[in-house]
Amino acid sequence: MIVVAIDGPAGSGKSTVADALATALGVPHVDSGAYYRAATLAVLRAEVDPTDVGAVTAVVGRVVIDRVDGRTLLDGEDVEDDIRGATVTANVSAVAAHPAVRDLLLVAQRSGIARDGGVVDGRDAATRIVPDADLKVWLDADVEERGRRRALQAGEPERLDHHIADLHRRDAADATQMVRADDAVVVNTTGLSLDHVVATVADLARTAAGGS
Ligand code: DC
């Protein structure tokens, strides 16, 4: 049984690293941000103002969000593609900022961890979702590098400035939720390849599992 928590800002590579590490360890990857994204889609579909805490909490309390085989289900409907779009991304920080929403989603996020463990990625995985994790990693990278990754992912290398500005906006919007655990190992991924980062974190995980 090994539980790993990986936190960090948008574009730091957490989700990709968590996915690769989970595969290497043979445990599930719990993408905690996906739950906030699905909740945001439900809020937008209900045409509710994302800053209206009462209305948002009522909508999120009514829906069932699941993750199955890397896909996100909202009331049984596969919404994995919809939740990665620009509209959800622009509104998710406002929905995730409500403590009542965070309380509602915590149980579902924890339920993604299997009996033999899991790799949870997010903003508060190490401090709130799995505070007893065997290994806590804080992934970071310069905002310019995070912007380059996002621009490439979006197929828009010419819009680098736009993606950097967007990351500055999301860092500010997520600041309250983004908590680095005191006992987290900081890994700065600037200039490092994905393979290198996964190998580094996998080494840390093996050491943590071995209890040394
Ligand atoms: O990791 P992501 O970009 O898919 O996360 C989407 C949003 O959800 C992010 O802007 C902040 C929020 N989030 C959070 O508040 N706490 C988490 N544990 C994970 C994500």
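Every heavy atom of this structure was used, including side-chain atoms; hydrogens, water molecules and symmetry mates were not. Both ligands and their constituent atoms are indexed starting at 1 by order of listing.
With ligand atoms numbered from 1 in the order given, ligand 1 contributes 12 (C), 15 (O) to contacts under 4.0 Å with heavy atoms of Ala96. Residue-ligand proximity, Ser32 to ligand 1, at heavy-atom distances under 4.0 Å covers atoms 17 (C), 18 (N), 19 (C). Of all atoms in ligand 1, listed by their number and element, those nearer than 4.0 Å to a heavy atom of Asp174 are 9 (C), 10 (O), 11 (C). Close contacts between ligand 1 and Gln177 involve ligand atoms 15 (O) [criterion: under 4.0 Å to a heavy atom]. Close contacts of ligand 1 with Asp124, meaning ligand atoms under 4.0 Å from a residue heavy atom, involve 16 (N), 17 (C), 18 (N). Listed by number with element, the atoms of ligand 1 under 4.0 Å from a non-hydrogen atom of Ser93 are 10 (O).
Using a 4.0 Å cut-off between heavy atoms, Val92 contacts ligand 1 through its side chain alone, with no backbone atom that close. When heavy-atom distances to ligand 1 are checked against a 4.0 Å cut-off, Arg123 comes that close through both its backbone and its side chain. Neither the backbone nor the side chain of Gln109 has any atom closer than 4.0 Å to an atom of ligand 1 (non-hydrogen atoms only). Looking at Met178 against ligand 1, nothing comes within 4.0 Å, counting heavy atoms.
Side-chain atoms of Asp7 come within 3.5 Å of backbone atoms of Ala126 as a donor-acceptor pair (strictly under, hydrogens ignored). For Lys14 (side chain) and Trp138 (main-chain N/O), no donor-acceptor pair under 3.5 Å exists by modelled atom type.
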Run Asp103 and Arg128 through salt bridge (Lys or Arg N to Asp or Glu O under 4.0 Å) and show every step you take. CA-CA 10 Å; Asp103 287 346; Arg128 186 137 193 269; 2.6 Å; yes
Decide yes or no on salt bridge (Lys or Arg N to Asp or Glu O under 4.0 Å) for Asp171 and Arg146, but give the supporting numbers first. CA-CA 11 Å; Asp171 285 352; Arg146 293 192 280 132; 2.7 Å; yes
Run Glu80 and Arg67 through salt bridge (Lys or Arg N to Asp or Glu O under 4.0 Å) and show every step you take. CA-CA 9 Å; Glu80 180 63 26; Arg67 297 263 307 155; 3.1 Å; yes
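The two atoms that bring Glu145 and Thr190 nearest to each other are OE1-CG2, 3.6 Å, heavy atoms only. The heavy-atom pair separating Gly13 from Leu139 by the smallest distance is C-CD1, 3.9 Å.
Polar contact with ligand 1: present for Arg102 (N/O pair, distance under 3.5 Å). Among the atoms of Tyr36, none of the N or O lies under 3.5 angstrom from an N or O of ligand 1. Below 3.5 Å of separation, one finds an N or O of Arg37 facing an N or O of ligand 1.
For the pairing with Asp31, the salt bridge (Lys or Arg N to Asp or Glu O under 4.0 Å) check across Arg123, Arg71, Arg84 returns one residue only, Arg84.
To the nearest 0.5 Å, the span separating CG on Leu21 from CD1 on Ile2 amounts to 7.5 Å.
Summary of contacts: the protein heavy atom closest to atom 20 (C) of ligand 1 is Gly33 CA, 3.5 Å. Summary of contacts: the protein heavy atom closest to atom 3 (O) of ligand 1 is Arg170 NH2, 2.7 Å.
Within the structure, the closest approach of Ala10 to ligand 1 does not fall below 4.0 Å when heavy atoms are considered.
Val179 and Val3 are assigned to two separate hydrophobic clusters, defined by single-linkage of ILVMFWY side chains at heavy-atom distances under 4.5 Å.
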